[in-house]
**Q** 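One structure is given below, represented as structure tokens, and several questions about it will come after.
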Amino acid sequence: MSSVTTELTEMDATRFQHTPYYCEENVYLLCKTLCENGVTDETGSDLFVVFISNEKKQVPLWHQKASTRADGIVLWDYHVICVQRKKESDSEPLVWDLDSTLPFPSPLASYVTETIQPSFQLFAEYQRFFRVVHAPLFFKHFASDRRHMKEPDGSWTAQPPPYEPIVAQDGILHNLSEYIAMSAAETLSSLDPETVRSAISQQLGVVVSHTQLQDLFTKLP
């Protein structure tokens, strides 16, 4: 493990803003903080926001703080993490997951093994898909007015963060549903560098399966 990775794995997750059940906003602010404190450059060019979901909106993930089980499994409707891939380094990509009990951050390979558990046989409807969005584009386009966290009577399903909702640079108030909508039909058929380069330059990034996720980060421009 590189000295840089060793230093980062000792970072205290409690230093970051965290509101339970608002993982998309937590990751937005986490990426901003990593830019501000010099872990990445000010644009977040080596950061990628990763949405995890499926058509059924039921994705099992292990080692989650919200779990009441010994194995830490939670069946989320969706989850959001940050992956850092340093362009000028041979070090392994790192996963920043504020809801995980694993080291913070964790190397991508060990995170996939422990949290995704690809060797665990799942029914097809529980397969996880990953929407990978370049952080600079996420900062520009993402918006959430938190409507998905309200009951029909207007009450909150979980207490919202204390700060104002995130508004996109073009004034859009809510597009979270576009980021968490994903299916097998959307996954890339090829991870050749040109296809990946084109896809990752789009607002909603690229959708891959769990078998493609690690390979994708070796193909990113």
Side-chain angles (χ1 to χ4, degrees), residues 1 4-37 39-40 44 46-54 57-86 91-118 120 122 126-135 138-139 142 144 158 161 166 176 179-180 182 205-210 212-214 216-217 220:
M1 183 177 289
V4 172
T5 302
T6 301
E7 178 183 351
L8 290 175
T9 55
E10 296 174 353
M11 193 167 283
D12 184 358
T14 62
R15 295 167 51 186
F16 296 83
Q17 173 75 41
H18 180 266
T19 304
Y21 307 109
Y22 290 83
C23 55
E24 64 282 349
E25 296 191 40
N26 294 335
V27 168
Y28 181 98
L29 296 178
L30 180 146
C31 290
K32 288 284 189 179
T33 301
L34 294 179
C35 294
E36 292 164 2
N37 66 17
V39 174
T40 182
D46 64 354
L47 299 179
F48 297 85
V49 176
V50 182
F51 289 80
I52 310 170
S53 193
N54 57 24
K57 296 296 185 290
Q58 292 188 348
V59 288
L61 299 176
W62 280 258
H63 297 282
Q64 297 292 290
K65 294 175 182 176
S67 178
T68 58
R69 291 170 43 125
D71 58 6
I73 193 171
V74 169
L75 194 65
W76 293 116
D77 51 351
Y78 68 92
H79 190 46
V80 190
I81 61 176
C82 169
V83 177
Q84 181 179 25
R85 189 203 63 129
K86 291 186 175 294
S91 60
E92 184 176 0
L94 297 171
V95 175
W96 302 80
D97 182 358
L98 289 164
D99 293 291
S100 175
T101 58
L102 297 175
F104 183 78
S106 287
L108 177 60
S110 61
Y111 183 88
V112 168
T113 298
E114 298 294 333
T115 302
I116 309 302
Q117 299 214 12
F120 192 91
L122 295 173
Y126 297 110
Q127 294 299 329
R128 284 70 46 99
F129 299 105
F130 303 81
R131 183 180 299 281
V132 181
V133 182
H134 200 197
F138 186 66
F139 293 152
F142 177 74
S144 174
I166 298 168
L176 172 63
Y179 288 90
I180 63 177
M182 60 190 85
V206 56
V207 177
V208 295
S209 67
H210 76 269
Q212 296 172 307
L213 183 63
Q214 289 177 259
L216 172 70
F217 281 94
L220 289 170

**Q** Are the side chain of Y22 and the backbone N or O of A158 linked by a donor-acceptor pair below 3.5 Å?
**A**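 Between the backbone of A158 and the side chain of Y22 there is a qualifying donor-acceptor contact (under 3.5 Å).
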**Q** Would you please say whether a donor-acceptor pair under 3.5 Å links the side chains of D97 and H79?
**A**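 Yes, H79 and D97 have a side-chain donor paired with an acceptor closer than 3.5 Å.
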**Q** Would the F51 and F129 ring centres measure less than 6.0 Å apart?
**A**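 Centroid distance F51-F129: not below 6.0 Å, so no.
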**Q** Do K57 and Y78 meet the cation-pi criteria used here (NZ or CZ under 6.0 Å from the six-membered ring centre, within 45° of the axis)?
**A**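 Geometry flag: not set, cation outside 6.0 Å or 45°.
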**Q** So, W76 and Q64: side-chain donor and acceptor under 3.5 Å apart, yes or no?
**A**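 Q64 and W76 do have a side-chain donor-acceptor pair below 3.5 Å.
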**Q** As a quick check of understanding, evaluate side chain to side chain contact (heavy atoms under 4.5 Å, CB included) for D99 and C23, giving each step before the final call.
**A** CA-CA 8 Å; D99 293 291; C23 55; 4.0 Å; yes
**Q** Has E92 got a side-chain atom pairing as donor or acceptor with A109's backbone, closer than 3.5 angstrom?
**A**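 Yes, the answer is positive, given that a donor and an acceptor are paired below the 3.5 Å cut-off.
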**Q** Less than 4.5 Å apart, any side-chain heavy atom of I73 and any of L61?
**A**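 No, their side chains stay 4.5 Å or more apart.
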**Q** Quick one: does any side-chain atom of S106 pair with a main-chain N or O of P103 as donor and acceptor, under 3.5 Å?
**A**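 Yes: the side chain of S106 pairs with the backbone of P103.
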**Q** Could you measure the distance from the CG atom of L94 to the NZ atom of K86? Nearest 0.5 Å is fine.
**A**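 Here the rounded value is 8.0 Å.
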**Q** Would you give the length of the straight line joining atom CZ of F217 to atom CZ of R85, rounded to the nearest 0.5 angstrom?
**A**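 Here the rounded value is 8.5 Å.
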**Q** Check whether any side-chain heavy atom of D12 sits under 4.5 Å from a side-chain heavy atom of F104, and report yes or no.
**A**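 SC-SC contact between D12 and F104 ruled out.
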**Q** Check Y126 against L75 and note the closest heavy-atom contact, atom names and distance.
**A**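 Heavy atoms of Y126 and L75 come nearest at CD2-CD1, 4.2 Å.
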**Q** Check whether any side-chain heavy atom of V207 sits under 4.5 Å from a side-chain heavy atom of F130, and report yes or no.
**A**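 When only atoms from C-beta onward are counted, F130 and V207 do not touch, as no gap falls below 4.5 Å.
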**Q** Just how far is it from atom CG of D71 to atom OG1 of T101, taken to the nearest 0.5 Å?
**A**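 So the gap between those two atoms works out to 10.0 Å.
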**Q** Taking R128 for the side chain and P60 for the main chain, is one N or O donor matched with an acceptor at less than 3.5 Å?
**A**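 Yes, because the side chain of R128 sits within donor-acceptor range (under 3.5 Å) of the backbone of P60.
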**Q** If we only count heavy atoms from C-beta on, is the C82 to V49 side-chain gap below 4.5 Å?
**A**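 No, every pair of side-chain atoms sits at 4.5 Å or beyond.
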**Q** For Q84 and V39, indicate whether the former's side chain and the latter's backbone hold a donor-acceptor pair under 3.5 Å.
**A**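 Yes, the answer is positive, given that a donor and an acceptor are paired below the 3.5 Å cut-off.
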**Q** For the residue pair V74 and S67, establish whether any side-chain heavy-atom pair is separated by less than 4.5 Å.
**A**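 Side-chain contact under 4.5 Å: yes.
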**Q** Below 4.5 Å, heavy atoms only, C-beta onward: do P107 and V95 meet side chain to side chain?
**A**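 Answer no - side chains too far apart.
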**Q** Side chains of S110 and L102: closer than 4.5 Å at any heavy-atom pair?
**A**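 They are not in contact (no side-chain heavy atoms under 4.5 Å apart), so the answer is no.
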**Q** Please evaluate residues V50 and V80 with respect to the criterion side chain to side chain contact (heavy atoms under 4.5 Å, CB included), reporting the C-alpha separation (whole Å), side-chain torsions for both, the decisive distance (0.1 Å), and the verdict.
**A** CA-CA 6 Å; V50 182; V80 190; over 6 Å; no
**Q** Strictly distance-based, threshold 3.5 Å: is any side-chain N or O of N54 a donor or acceptor partner for the main-chain N or O of Q58?
**A**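 Answer holds: yes.
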**Q** Walk me through whether F138 and F48 qualify under side chain to side chain contact (heavy atoms under 4.5 Å, CB included).
**A** CA-CA 9 Å; F138 186 66; F48 297 85; over 6 Å; no
**Q** Can you tell me if R131 uses its side chain to pair, donor with acceptor, with the backbone of V206 under 3.5 Å?
**A**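 Checking the backbone N and O of V206 against the side chain of R131, no donor-acceptor pair under 3.5 Å is found.
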**Q** Heavy-atom count around Y21 OH within 6.0 Å, excluding the residue itself: above 12?
**A**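 Counting neighbours around OH of Y21, 12 or fewer heavy atoms of other residues, nucleotides or ligands fall under 6.0 Å, so no.
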**Q** Tell me if a side-chain donor or acceptor on S53 pairs with a main-chain N or O of M182 at a distance below 3.5 Å.
**A**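 Not a single qualifying donor-acceptor pair exists.
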**Q** Without swapping roles, check the side chain of E114 against the backbone of Y111 for a donor-acceptor pair under 3.5 Å.
**A**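 Not confirmed, E114 side chain does not pair with Y111 backbone.
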**Q** Side chains of V133 and Y179: does their closest heavy-atom pair fall under 4.5 Å?
**A**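 Heavy-atom side-chain distance check passes, below 4.5 Å.
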**Q** Would the Y28 and F139 ring centres measure less than 6.0 Å apart?
**A**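 They qualify: ring centres under 6.0 Å apart.
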**Q** Rounded to the nearest 0.5 Å, what separation is found between the NE2 atom of H210 and the CG atom of L122?
**A**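 Here the rounded value is 8.0 Å.
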**Q** Using the side chain to side chain contact (heavy atoms under 4.5 Å, CB included) rule, take T19 and E25 through it: C-alpha gap first, then chi angles, then the decisive distance, then the call.
**A** CA-CA 8 Å; T19 304; E25 296 191 40; over 6 Å; no
**Q** Nearest 0.5 Å, please: how far is SG in C31 from CG in L47?
**A**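 Going from CG on L47 over to SG on C31, the span is 5.0 Å.
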**Q** Once rounded to the nearest 0.5 Å, what's the spacing between atom CG of N37 and atom NZ of K32?
**A**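 Rounded to the nearest 0.5 Å, the CG-NZ separation comes out at 13.5 Å.
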